[in-house]
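In what follows, every chain begins at residue 1, and chains take the letters A, B, ... in the order their sequences are listed. Note: hydrogens, waters and symmetry copies are ignored here, and every other heavy atom, side chains too, is used.
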Number of protein chains: 4
Amino acid sequence: MSRQPDEDKQQRILKAAIEVFGTQGLERATMKDIADLAGVAPGTLYTYFADKEALFVGAVDRVWDDFFAGTEAILAKGSDPRTSSKALLGYGLEMLKALYPLVRGMISAANRLDLMHARLDSLALLISKSMSGLPNATFETMRIWISGVLFLLATVPHKDIDHEIDRVKGSLLRLLEAP
Amino acid sequence: MSRQPDEDKQQRILKAAIEVFGTQGLERATMKDIADLAGVAPGTLYTYFADKEALFVGAVDRVWDDFFAGTEAILAKGSDPRTSSKALLGYGLEMLKALYPLVRGMISAANRLDLMHARLDSLALLISKSMSGLPNATFETMRIWISGVLFLLATVPHKDIDHEIDRVKGSLLRLLEAP
Amino acid sequence: MSRQPDEDKQQRILKAAIEVFGTQGLERATMKDIADLAGVAPGTLYTYFADKEALFVGAVDRVWDDFFAGTEAILAKGSDPRTSSKALLGYGLEMLKALYPLVRGMISAANRLDLMHARLDSLALLISKSMSGLPNATFETMRIWISGVLFLLATVPHKDIDHEIDRVKGSLLRLLEAP
Amino acid sequence: MSRQPDEDKQQRILKAAIEVFGTQGLERATMKDIADLAGVAPGTLYTYFADKEALFVGAVDRVWDDFFAGTEAILAKGSDPRTSSKALLGYGLEMLKALYPLVRGMISAANRLDLMHARLDSLALLISKSMSGLPNATFETMRIWISGVLFLLATVPHKDIDHEIDRVKGSLLRLLEAP
DNA sequence: GATGAATGAGACTTCATTCAT
DNA sequence: AATGAATGAAGTCTCATTCAT
């Protein structure tokens with residue numbers, strides 16, 4: 001009967017939003033930039049998201065959801081703690097690299113930092129439970145490690161990201177393997 | 001004619017900037033807000049800082065410098081590693097609490113996150129050196145811990161900050177005291 | 001194929017337009033609001049009316065036509081001037097109350113006020129002719145009274161409309177009954 | 001010390017606003033049009049008025065205040081009712097002619113029509129009190145006349161305004177002179 | 001040097017209208 | 001003929017910065 005809402009278009013918008021919010025931060029990012037990158041008219045953004053804030057939250061949610069799903073998938077395999085912790089570490093760092101722009105965007109949204117705090121708790125809980133055999137992997141310790149890694153990878157200049165990942169991975173592996 | 005009165009004004013502006021950038025973040029903060037809080041006219045800000053960005057960088061620098069100075073003072077006392085590490089931890093958390101608004105502001109300035117990264121390295125180096133006796137206090141580990149603590153305290157809702165400090169302090173003490 | 005269903009739709013649209021233009025005024029009313037109320041898609045409005053302006057004129061015309069028809073019906077009964085004048089007054093005020101939203105809408109369309117002016121003349125002429133026996137009911141006086149009543153009822157807050165009608169009715173009856 | 005707020009500028013803005021709101025109505029008028037006509041930058045309007053609505057209300061208030069002042073000045077002369085009523089009529093019509101654009105603007109602001117209603121009452125009261133000797137000049141009658149005249153003059157096409165004034169003046173004089 | 005009114009670019013958002021389906 | 005997603009022009013308002021005083 002008419003042009004129907006386009007699942008694809010929503011995804012394209014979200015992807016563009018992740019990219020632009022990540023590069024510019026919530027405030028500097030403009031709706032026009034996002035629309036241009038998504039290949040739609042500015043008005044079209046408002047067909048899928050009520051306003052700029054909603055689009056931002058949509059982008060952040062999308063990334064966290066994906067990340068949690070990935071984490072759970074790894075844990076579901078039920079390997080021994082040492083093995084899954086390594087898998088998780090690899091997965092997490094890889095994701096952080098891939099999502100670098102958005103993580104920066106999330107962090108730069110000062111008025112949404114509280115959302116992150118809560119999510120970090122959930123993540124730390126999930127991981128520490130599945131790793132109860134390891135000496136250093138308590139819930140509280142986990143929170144600090146995860147936060148630290150997140151922050152280090154969000155703040156490193158993009159060109160240095162691979163180097164940073166190596167550094168972080170090295171330290172964490174050493175900690176995990178501590179007797 | 002002495003330059004004293006002008007330096008006063010510059011300090012007043014910087015203090016106001018720290019407060020306002022901290023509360024609002026880089027983008028939301030307005031030059032007028034800062035001028036009002038400093039008790040000067042908007043135009044006056046431009047006598048002391050080239051533009052908004054320069055004022056922001058000035059505010060961040062000021063805070064880091066203070067923090068480094070405090071850290072060095074503690075290390076200069078030359079206590080044994082275990083003692084100074086506890087002192088540092090107390091000092092750092094206290095500062096983070098006091099500077100909560102600005103730390104949030106710094107973090108929310110996505111386009112300046114790289115500045116933080118470099119500073120974190122210096123800080124971690126300084127601390128780890130002075131603590132070379134402790135098993136877990138390597139430079140690399142330190143970076144992650146410091147980043148994690150910084151991030152956790154920056155993202156916690158302000159009303160929960162004391163609770164968060166207790167949690168973080170507890171974990172870190174346990175890590176430091178690990179055999 | 002009959003045109004019946006389409007005429008139905010046109011009427012539904014017109015009715016919705018009267019309601020929405022009346023409530024919101026020409027500028028604030030949106031084509032989407034009208035379409036929603038009429039139970040059609042926005043695009044459909046353009047099958048029946050060239051654009052928003054044409055739809056507005058259509059709505060106003062419709063109301064005036066109805067009002068004229070009602071007025072003529074009363075005059076056609078050929079009662080004596082005093083009787084029909086009272087009947088007209090009652091009818092007119094009742095209509096104004098029922099059409100309150102649209103009358104406000106008409107009045108608020110500054111760029112169409114001239115249309116009203118011409119219609120007022122026709123109405124005053126029609127009424128004054130049929131009332132030539134009454135001393136105060138000249139064409140010119142009629143115009144002023146009708147305009148005044150229209151305006152008072154259009155500008156009164158809706159909750160006070162009954163009270164306003166009573167006031168207006170009282171004054172006019174007194175004027176008509178003047179010796 | 002700096003460019004000081006300019007009484008003149010506020011008046012220039014108000015005058016421009018009266019002109020533009022009158023010509024275009026509240027919604028069609030743009031802040032840019034008003035700024036251009038006043039010879040200032042768009043942003044300057046916001047130094048003197050909080051937003052478009054406030055500017056509109058400012059313009060309307062200004063005109064009503066002037067009008068009341070003029071009316072009271074005439075009544076203060078204490079002439080006999082017949083004389084002052086004629087003076088008032090002349091003054092009122094002259095003002096309506098001069099303020100034609102704004103009166104249209106006021107009327108077209110559907111969401112402010114209630115303000116007019118209250119003002120009309122005050123005006124009718126003021127006039128009817130001062131005219132208690134005249135047979136047709138009761139408060140209630142006055143309200144209708146004033147409203148009618150206001151509306152007729154607001155809705156007449158501008159080119160016909162002199163003709164309309166003559167018509168209205170003629171009818172009212174005849175009513176006032178009724179035995 | 002200080003002031004703060006003035007500037008004007010640019011942001012978000014709305015919505016009349018179009019047109020592929 | 002009907003639909004409604006898409007368009008994009010245009011509007012209001014903000015605010016960093018300038019500059020006359």
Side chain to side chain, A/Leu96 and A/Phe67, heavy atoms closer than 4.5 Å: no

For atom NZ of B/Lys52 and atom P of F/dT18, their distance in whole Å: 15 Å

Sugar-phosphate only, base, or nothing, as touched by D/Thr44 at under 4.0 Å among non-hydrogen atoms: base

Base paired to F/dT7 (Watson-Crick or G-U; both N/O distances under 3.5 angstrom): E/dA16

F/dG8 phosphate, OP1 or OP2, under 4.0 Å from A/Lys32 side-chain N/O: no

N/O (side chain, B/Thr47) to phosphate O (OP1/OP2, E/dG1) under 4.0 Å: no

Audit row: A/Lys15, A/Asp8, salt bridge (Lys or Arg N to Asp or Glu O under 4.0 Å) steps and yes/no: CA-CA 10 Å; A/Lys15 213 176 146 188; A/Asp8 228 41; over 6 Å; no

Non-hydrogen atoms of B/Ala16 and B/Ile34 that approach each other most closely: CB-O, 3.6 Å

Nucleotide forming a Watson-Crick or wobble pair with F/dT14, both distances under 3.5 Å: E/dA9

Sugar-phosphate only, base, or nothing, as touched by A/Ala29 at under 4.0 Å among non-hydrogen atoms: sugar-phosphate

Carboxylate-amine/guanidinium proximity below 4.0 Å for B/Asp33 and B/Arg28: no

Out of E/dG8, E/dC12, F/dA2, whichever nucleotide has its closest atom nearest the side chain of A/Thr30: E/dC12

Spacing of D/Tyr46 atom OH relative to F/dA16 atom C1', expressed in whole Å: 18 Å

